[in-house]
Amino acid sequence: MAEIDVNKLQELIDGSSNIVFFGGAGVSTESGIKDFRSVDGLYNQKYDYPPETMLSHTFFVRHKEEFFRFYNDKLLEKTVGTDTVERALPNKAHYKLAELEKAGKLKAVITQNIDGLHQEAGSRVVYELHGSVLRNYCEKCGKSFDVHYMFNSKGIPKCDSCGGDIKPDVVLYEEGLDNNVISGAVNAIKNADMLIIGGTSLVVYPAAGLIDYYRGDKLVLINKDATARDSVADYSIHGKIGEILGQIVVR
Ligand code: APR
């Protein structure tokens, strides 16, 4: 794997017309949303239970009230914003990827994030492997609710039509990923002439395994820290992805 600079990244992007981006929580940290495994990430904070336990299906079923306290406090607040907490907005990474798609050079964003910031920046083909906090459904009648309804609910969010519990369209640990999303993401990666991976530790499967479908020789890793899959990259840039992509000229 060769350590490259932004100029080489620019050259690789200029020479590609079927780019796919695969990202994680590190893409949203420059928007003010904490990631999970960085030293100041969500999983390194103190809670009664390990956060990965609290974000599991079992915990959701057995301790629903506690789940929503953690979920609202740690995952929703920044996405919704309050009068004291500024709402997270797309950053330079999100906007550059949307610009590359608009120019016809980037075909898809595949993200593990659930914050909807890629779409807000203008990306249209986005495979959300772990769902989105913006989509919520009554478990009884299927009625959909927006993220504000969830954030403003006290305790367990209840359907205002049938009284059923509302569940976020977010893939919890122990739950499967959506098959259509997986096949869309796999096809995009298989056909890509360049795969840019950024802001992810690549430790959570099956998401991290999807990158093995890439068959080209331009796999670029843009990450602050080393990842679990550094060895599969053809090129690597260590640094802040918003700053790095922000320097790319789309032509
Ligand atoms: N620029 C580049 N890289 C960054 C930045 C940044 N501004 N900020 C953080 N990073 C890197 C960190 O170094 C880390 O390697 O992004 C990575 C984020 O890794 P994680 O916190 O593990 O997040 P992610 O890989 O998305 O986690 C995958 O774990 O808990 C589950 O479902 C959750 O989707 C999540 C999955």
Side-chain angles (χ1 to χ4, degrees), residues 1 3-6 9 21-45 47 49-60 67 70-71 74-76 78-79 88-97 109-118 121 126-134 168-178 181-182 185 196-211 220-233 235-248:
M1 167 182 61
E3 185 73 24
I4 60 170
D5 62 9
V6 184
L9 177 64
F21 179 77
F22 181 99
V27 177
S28 293
T29 53
E30 290 163 79
S31 296
I33 297 179
K34 283 192 177 311
D35 66 12
F36 296 96
R37 296 174 183 83
S38 282
V39 281
D40 62 342
L42 197 60
Y43 291 168
N44 292 317
Q45 297 177 13
Y47 299 99
Y49 304 87
E52 281 161 310
T53 302
M54 289 196 276
L55 290 173
S56 70
H57 182 81
T58 306
F59 194 89
F60 177 78
F67 169 88
F70 177 79
Y71 175 78
K74 292 299 166 193
L75 295 184
L76 280 199
K78 256 323 260 181
T79 303
L89 296 172
N91 63 57
K92 286 183 279 188
H94 298 105
Y95 284 118
K96 189 58 69 179
L97 292 168
V109 165
I110 300 163
T111 184
Q112 299 167 88
N113 297 346
I114 57 177
D115 56 32
L117 290 180
H118 285 292
V126 181
Y127 296 106
E128 294 172 307
L129 299 175
H130 295 158
S132 171
V133 299
L134 303 182
D169 184 24
V170 167
V171 179
L172 303 176
Y173 280 101
E174 302 161 3
E175 291 180 344
L177 277 62
D178 179 290
V181 172
I182 291 185
I196 304 175
I197 300 174
T200 175
S201 58
L202 291 171
V203 295
V204 172
Y205 285 76
L210 300 187
I211 68 171
V220 181
L221 243 182
I222 305 176
N223 210 61
K224 234 174 15 146
D225 304 319
T227 77
R229 306 296 305 277
D230 277 5
S231 58
V232 306
Y235 304 98
S236 169
I237 308 183
H238 286 99
K240 296 175 78 172
I241 188 163
E243 272 175 26
I244 292 165
L245 289 183
Q247 296 172 58
I248 294 298

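Both ligands and their constituent atoms are indexed starting at 1 by order of listing.
Ionic pairing of E30 and K224 is not present here: no N-O contact between side-chain nitrogen and carboxylate oxygen is shorter than 4.0 angstrom.
Listed by chain and number, the residues in a side-chain hydrogen bond (donor to acceptor under 3.5 Å, both in side chains) with D5 amount to none (sequence neighbours excluded).
Judged by distance alone, with hydrogens and angles left aside, the side-chain atoms of Q112 form no donor-acceptor pair with the main-chain N or O of A207 at under 3.5 Å.
Taking the centre of each ring, F36 and Y43 come in below the 6.0 Å mark.
Just one residue in the list N91, D115, N113 forms a side-chain hydrogen bond (donor to acceptor under 3.5 Å, both in side chains) with S31, and that residue is N91.
A distance limit of 4.0 angstrom between heavy atoms and ligand 1 selects the residues G24, A25, G26, T29, E30, D35, F36, R37, S38, Y43, Q112, H130, Y173, G199, T200, S201, V204, N223, K224, D225, G239, K240, I241.
A 4.5 Å side-chain heavy-atom check between T227 and T200 finds every atom pair outside the cut-off.
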